[in-house]
Amino acid sequence: MESNSLFNKLSSRLEELSNLPKLDEEVSISKLVEEKGFSRREFMTWAGAMTSMLMLPASFTPLVAKAAELADRLPLVWLHMAECTGCSESLLRTATPSIDSLIFDYISLEYHETLMAAAGWQAEENLEHAIEKYKGRYILMVEGGIPHGQSDYFLTIGAHGKTGEQSAKDASQNAAAIFAIGTCSSFGGVQAAAPNPTNATALSNVTNRPVINVPGCPPSESNIVGTLFHFILYGTLPALDVYNRPKWAYGLRIHDACERRGRFDAGEFVEEFGDEGAKNGFCLYKVGCKGPYTFNNCSKQKFNQGTSWPIQAGHGCMGCSEPDFWDKMGIVHEPLGDRLYHTTFGGLGADATADKIGVGILTVTAIGIAAHAAISLVKKPKE
Amino acid sequence: MIKLIEKIEGEAKLNFNFKDDKIDFVDVEFMSTRNIENILRDKRAFDALVINPRVCGICGHAHLIATVEALESCYNNLQLSNKAKAIRELTLNFELIQNHFKWFYLTMLPFFGHKQQILKATYPTQLMGKAIAALGGQYPHTSYAVVGGVVCEITQMDIIKIESYITQTLKFVEDNLVKVDSKTLLACKDADALLDFSGDLPEILIEIKKRDMLNHAKSYDRFIAFGENSFFKKGKSLKARVSHSISLKDVKESEVPSSFAKNVSYKDKYYEVGPLARAMVNKTTLVVDAHKKYGDSLFSRILARVFEILELLNHSKKLIDKIDLDEPSYIEPEFDISKLTSSGYSAVEAARGTLIHKVELEEGIIKNYEIITPTQWNLSGGTREKPGVSQKAMVGLSDIKTAELVFKSFDVCSVCTTH
Ligand code: SF4
Ligand code: SF4
């Protein structure tokens, strides 16, 4: 029943979208997909994967396929603020010359500083043009923290010499939806680490429009692409947790869906990199895994087209999708243990779910993680 | 007179000054910084392993390797297994390779009137990204290299996977970049012979010749490379005369009043870094031949970068063959870094050239951290009397479009330059 009404809702959203003019009359995504040698079957397989990632029932696959075909109705503007370009890099890695990358290539980012060929006058003109022409219709994705307040000319680019902060504000004004891509634009990011010399801050702090955070350093390509598709499909903003992260991607802790969780429960820990436990895939808590305090879907989506993820490679999660993880989740190769209460969510991270946190329930089990591992927590003394 | 302000990736401006219709000076200005060196101060040594890959998302892996090696050099006799060394070298190679592809297809091709080919850039890039992820867990921004080795416990299966990524990438090179089998190309000693092949690289080289650009983008003809490993040699090359005894002590950074990027010089002179510099120091026959015929020009620079893709793929295969899976991935350092008061440095070859990290530790706390990036070498904002490497290469050109091409042939990147 529930899924029936959702199905209808999404269908009518797509119907509406299909009435909008295409960005380019000459090409269509379905034609392009075909031209590039993908069969209809491959396209549907891709749509199926996207459907399950968005936590929709498999019967919604045709809708997702249609959404992909309609992706050319919504222009995308991508802004760079203070960042390392890692998120764009992550995006460039969307699947083997695949349907994701085709679509991203084709909807062709009305404005993307790294990808677009234009520069200087022309680039700035493109941006202003896109914002004007697609008023109220474009999706804004911002990568990078907003350096804010330190100096007037910070991040000043383009011929008119606008500051980064001003560009972000201006572009936010008439966007249909605003997504902060990556931990930098979501929470300030690495440049905001103490002592935050450039006074960098989250996008949500410089605009009064609602901002959906898609953190991660970088977020996986699937979370970036999924965010776009979610918006195409629903036309509304997704359900969010207390940090404004979409629940479909950030609803679970790394620890909850970790492939080493069985080892944790069995009390089997890597005590030192390279030991027998490491060779056998034991839990990485004692060598610093912050998975119990971090909300993300890495274990399911993985990175680089599902190739691997940090814990699979033998390195603990470092909490990159949590605010201020640089300052709050150290020491990198040691467990948080008894420092639990100075960490994310005021220490609640360990056992709260994204839902409970806003309410501020302190569960006794929060201490459980540390206690569990504490049985042999004391690291062997070194000479 | 300032003719135009042009922007590049990241945040930089070029102010072109003309005299008699020719560029006589170009001011390079970086408008922004994130101040990472400042952020590192007073943090714990290992925090650098988390923070530094984020200095740059484009060559973040080089920053990870530079960080881990700088920290390791603070120890007196830290042990590393050959396996760990080889694995680190492989991931670094893969990062270089994918960078070169993107530079060629996304940045260079459009200058020659070709459409920007995003899919051609992303396909091999993704393969190399996967190869890094297979070892490091993810790319960009892995932290799999730790003081004492690497954390991955790879198996024969992983090796097979990585070999297959290499094979597929090689195939892409043979089908697109230069349409000839890679052995023939690797053995090629004559730069002009490339013009007889077909493929995206020969097309561009032919275009350079046709457009009378063979003499374009010449600079000081001075090259330097500090990163050393089983493939790259350390050294400098002055007009093709190579010497391997160079010291980091002679590298100097100096502030520029109008910019957030510092200048870098070696014995007070500007040197070019990057694939062309590495090939000159390594005496790569094909590239040395191009240099003999066309100097330190656009032609040689593009050829060197693309040819390095092939060499690194080939070398990576050999590296894999040498890996002994029974060796340890990690050897615990003799004492904890929190007891260490010492200083260290490292130099690695990143996609765009030599990357240097220097660190000072006091009981495991970072007291000072300095990063010198490749782009700083090539983009040093010198004066009219003593221009930087890329500045000099632009002098004498008469149009901005060509100047921009020349500038970008150095693969400038401002992301980590202003760290
Ligand atoms: S502590 Fe880390 S490695 Fe262990 S089960 Fe939890 S998330 Fe996985
Ligand atoms: S595992 Fe943790 S640190 Fe790694 S990418 Fe996922 S959230 Fe970030």
Side-chain angles (χ1 to χ4, degrees), chain A residues 36 82-90 92-93 95-97 101-102 105 113-115 117 119-120 123 147 153-159 164 190-191 193-195 197-198 200 217-218 272-274 278-279 303-305 307-315 318 320 326 330-333 382-383, chain B residues 4-11 31-36 38-39 44 46-47 49-51 54-58 60 102 106 110 116 118-119 122-123 125-126 129-130 132-144 146 148-149 151-153 328-332 334-336 404 415-416:
Chain A
K36 295 287 171 192
E83 38 77 23
C84 72
T85 317
C87 300
S88 287
E89 285 290 306
S90 185
L92 276 178
R93 265 154 253 289
T96 7
S101 49
L102 254 182
D105 180 19
E113 281 161 21
T114 315
L115 295 181
Y153 62 96
F154 236 66
L155 252 179
T156 306
I157 52 167
V190 64
Q191 46 278 320
T198 59
C217 190
E272 176 183 300
F273 294 123
K279 287 187 187 116
F303 290 83
N304 306 87
Q305 296 135 274
T307 306
S308 187
W309 68 300
I311 287 178
Q312 185 175 333
H315 195 281
M318 46 196 165
C320 77
W326 340 92
I331 301 167
V332 67
H333 292 150
K382 288 170 202 162
E383 298 311 305
Chain B
L4 185 75
I5 300 167
E6 194 78 358
K7 131 182 187 312
I8 62 159
E9 277 77 34
E11 303 81 32
M31 305 300 293
S32 173
T33 171
R34 293 180 298 144
N35 251 303
I36 302 278
N38 231 332
I39 288 169
R44 283 175 294 247
F46 283 174
D47 285 359
L49 293 171
V50 181
I51 290 174
R54 273 96 187 165
V55 169
C56 181
I58 296 170
K102 276 186 295 182
L106 294 180
Q116 195 182 42
I118 296 189
L119 289 177
T122 51
Y123 174 69
T125 298
Q126 286 160 351
K130 282 185 180 188
I132 300 174
L135 296 164
Q138 75 179 91
Y139 185 75
H141 294 350
T142 136
S143 284
Y144 90 110
V146 294
V151 298
C152 55
E153 297 290 346
S329 307
Y330 171 87
I331 301 170
E332 173 101 339
E334 265 172 45
F335 49 89
D336 201 276
E404 211 193 314
V415 173
C416 66

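Chain letters run A, B, ... following the sequence lines, proteins first and then strands; every chain starts at 1.
- Aromatic rings of A:H315 and B:Y144 (six-membered ring for Trp) have centroids beyond the 6.0 Å cut-off, not under it.
- Distance check, rounded to the nearest 0.5 Å: CD of B:Q138 to CD of A:Q312 gives 11.5 Å.
- At a threshold of 4.5 Å between non-hydrogen side-chain atoms, the residues A:N304 and B:Q126 do not count as touching.
- Using a 4.5 Å cut-off between heavy atoms, B:L49 touches chain A through its side chain atoms alone.
- When side chains are defined from C-beta on, B:I39 counts as touching A:P197, because their heavy atoms get closer than 4.5 Å.
- Looking at A:A193, the atoms closer than 4.5 Å to chain B (heavy atoms on both sides) sit in the backbone and in the side chain alike.
- The two residues B:A134 and A:T307 make their nearest non-hydrogen contact at N-CG2, 4.0 Å.
- Looking at every heavy atom in both residues, B:R54 comes nearest to A:V190 through CB-CG1, 4.0 Å.
- Separation of atoms OG (A:S308) and NZ (B:K130) is listed at 12.0 Å; rounding is to 0.5 Å.
- Atom CD1 of B:I51 and atom SG of A:C217 lie 10.5 Å apart (nearest 0.5 Å).
- Nearest heavy atoms, A:A313 versus B:G136: CB-C, 3.6 Å.
- Counting only heavy atoms from C-beta outward, the side chains of A:F273 and B:E332 never approach each other to under 4.5 Å.
- The contact between B:S143 and chain A is made by backbone and side chain atoms together, counting heavy-atom distances below 4.5 Å.
- Looking only at side-chain heavy atoms (C-beta outward), A:W326 and B:D47 stay at 4.5 Å or farther from each other.
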